[in-house]
Amino acid sequence: MNSSKRKNKNKAVVLFSGGLDSTTCLAIAVSKKFEVHALTFHYGQRHHAEISAAKKNARNFSTTSHDVFDIDLSQFGGSALTGDKVVPKNRSKSEMDVGIPNTYVPARNTVFLAIALARAETIGANDIFIGVNALDYSGYPDCRPEYIEAFQALANLATKASVEALEGGTKGIRIHAPLQDLTKSEIIRKGISLGVEYGFTMSCYDPMRSPKIGEFVHCGHCDACLLRKTGFKNAGISDPTKYYSL
């Protein structure tokens with residue numbers, strides 16, 4: 001692509017963990033012809049396997065930029081993903097549908113979206129993509145549609161660029177959550193249609209180093225792994241995920 005065509009593209013910031021949902025979300029942003037600037041966070045999580053997956057998938061989709069931000073949410077505590085609490089395993093769907101699990105990281109999406117908002121303002125982007133889902137998920141409050149709507153309203157009050165845009169009669173910040181109302185199987189089918197290689201994604205809350213291949217793979221038993229397995233089964237698509245086995 002030549003520079004003149006690139007300049008005519010709308011820019012989008014995509015929150016990108018390297019998991020199944022965020023990689024599908026990134027693929028959707030690419031398919032909509034945005035100039036994609038991906039943001040991944042090293043936020044004090046117990047493993048870095050998802051960051052490696054994010055880097056690989058960002059290259060696969062030729063994102064315009066991909067930055068890994070270092071912040072330490074483990075300082076706040078309160079989550080099995082950033083501390084020593086045991087990650088829940090082998091929960092039924094009905095158990096997942098009740099309450100908020102200890103894998104919830106306090107205010108994580110709010111922190112991530114705030115940083116994405118700052119990045120959007122500095123590069124002149126009006127669009128932010130986030131791969132949250134309100135159907136097949138673990139009950140996190142910052143994945144709900146009303147949360148996304150509220151943050152978009154906040155974003156358009158919070159920055160110089162958005163205030164000036166709205167006062168001038170042009171568009172402000174838009175928060176896109178294209179997976180919001182999709183089941184996991186629908187997300188997978190969508191991603192397959194857009195060229196996502198799900199074998200390169202990492203969604204697990206508790207990755208384990210495989211003695212067979214010497215790399216971190218999905219545990220196969222946490223909420224994220226169980227939802228992932230069910231998604232591929234319901235989609236009628238062979239699951240390419242590497243799960244832990246002795």
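For clarity, every value in this text was computed on a predicted model and none was experimentally measured. Only heavy atoms go into these numbers, but all of them, side chains included; no hydrogens, no water, no symmetry mates.
Closest non-hydrogen pair, M202 versus P207, comes out as SD-CG, 4.0 Å. Residue E50 comes nearest to Y43 through the heavy atom pair OE2-CE2, 3.7 Å, listed as atom of the first residue, atom of the second, then distance. Residues T110 and F151 share a closest heavy-atom pair of O-CE1, 4.1 Å. Minimum heavy-atom separation, K212 to S245: NZ-OG, 3.4 Å. The nearest pair of heavy atoms linking C219 to K89 is SG-CE, 3.7 Å. For the residue pair N109 and D142, the shortest heavy atom distance occurs at ND2-O, 2.9 Å.
No side-chain heavy atom of T230 sits under 4.5 Å from any side-chain heavy atom of K184. Proximity of P178 to F129: side-chain heavy atoms (C-beta onward) are separated by under 4.5 Å at one or more points. Counting heavy atoms from C-beta outward, K55 and T40 have side chains that stay 4.5 Å or more apart. Side-chain contact between T241 and Y198: absent, with no pair of heavy atoms (C-beta onward) separated by less than 4.5 Å. The shortest side-chain heavy-atom distance between R189 and E186 falls under the 4.5 Å cut-off. Using a 4.5 Å heavy-atom threshold, the side chains of F200 and S52 count as separate. Between V132 and L15, every side-chain heavy-atom pair lies at or beyond the 4.5 Å cut-off. Using a 4.5 Å heavy-atom cutoff, the side chains of T64 and K11 are not in contact.
In the displayed structure, D72 atom CG is contacted under 6.0 Å by more than 12 heavy atoms of other residues, nucleotides or ligands. Remark: K171 NZ is packed, more than 12 non-hydrogen atoms of other residues, nucleotides or ligands lying under 6.0 Å away.
Expressed to the nearest 0.5 Å, how far CG of L154 lies from CG of L117 amounts to 7.5 Å. Separating the OG1 atom in T24 from the CG atom in L194 is a distance of 8.0 Å, to the nearest 0.5 Å. To the nearest 0.5 Å, atoms CG (D239) and SG (C225) are separated by 9.5 Å. With rounding to the nearest 0.5 angstrom, the CG atom of L81 is 8.0 Å from the CG atom of N102. Taken from CG in N234 to OG1 in T183, the straight-line distance is 7.5 Å, to the nearest 0.5 Å. With rounding to the nearest 0.5 angstrom, the CD1 atom of I173 is 7.5 Å from the CD atom of E121.
Distance alone, capped at 3.5 Å, is enough to place a donor-acceptor pair between the S203 side chain and the L20 backbone. Checking side-chain atoms of R91 against main-chain N and O of C222 turns up no donor-acceptor pair under 3.5 Å. When atom types are taken as modelled, the side chain of K229 and the backbone of G220 share a donor-acceptor pair closer than 3.5 angstrom. The closest donor-acceptor contact from the side chain of Q180 to the backbone of A177 lies at 3.5 Å or more, if one exists at all. Of the possible donor and acceptor atoms, one in the side chain of S162 sits under 3.5 Å from a partner among the backbone N and O of A155. The main-chain N or O of F41 is found under 3.5 Å from a side-chain atom of Q45 such that the two form a donor-acceptor pair.
Under the 4.5 Å side-chain heavy-atom criterion for grouping Ile, Leu, Val, Met, Phe, Trp and Tyr, F216 is not connected to Y205 through any hydrophobic cluster. Cluster annotation: I51 is not connected to F69 through the hydrophobic network of ILVMFWY side chains, with a link wherever side-chain heavy atoms come within less than 4.5 Å. Hydrophobic clustering keeps L157 apart from I115 (ILVMFWY residues linked when any side-chain heavy atoms are closer than 4.5 Å, directly or through intermediates). In the hydrophobic clustering of ILVMFWY residues, with side-chain heavy atoms under 4.5 Å counting as a link, V196 and L182 come out together. Placement of L113 and L73 within a single hydrophobic cluster is found when ILVMFWY residues are connected by side-chain heavy-atom separations under 4.5 Å, directly or transitively.
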Verdict with supporting geometry, T159 and E164, side-chain contact (heavy atoms from CB on, under 4.5 Å): CA-CA 9 Å; T159 67; E164 290 180 346; over 6 Å; no
From CA spacing to verdict: side-chain contact (heavy atoms from CB on, under 4.5 Å), N126, N10: CA-CA 8 Å; N126 295 102; N10 289 324; over 6 Å; no
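Between Y140 and Y104, the ring planes lie tilted relative to each other; the angle falls in the 30° to 60° range. Using cut-offs of 30° and 60° on the angle between ring planes, the pair H218 and Y243 is perpendicular.
E35 and H37 share a donor-acceptor pair across their side chains, judged by distance under 3.5 Å alone. Using a 3.5 Å distance cut-off with no hydrogens or angles, the side chains of S79 and R108 do not pair a donor with an acceptor.
Paired with T103 under the rule side-chain contact (heavy atoms from CB on, under 4.5 Å), one option of T82, D206, V87 passes, and it is V87.
Salt-bridge annotation for K32 and D127: absent, with no side-chain N of the basic residue lying under 4.0 Å from a carboxylate O of the acidic one.
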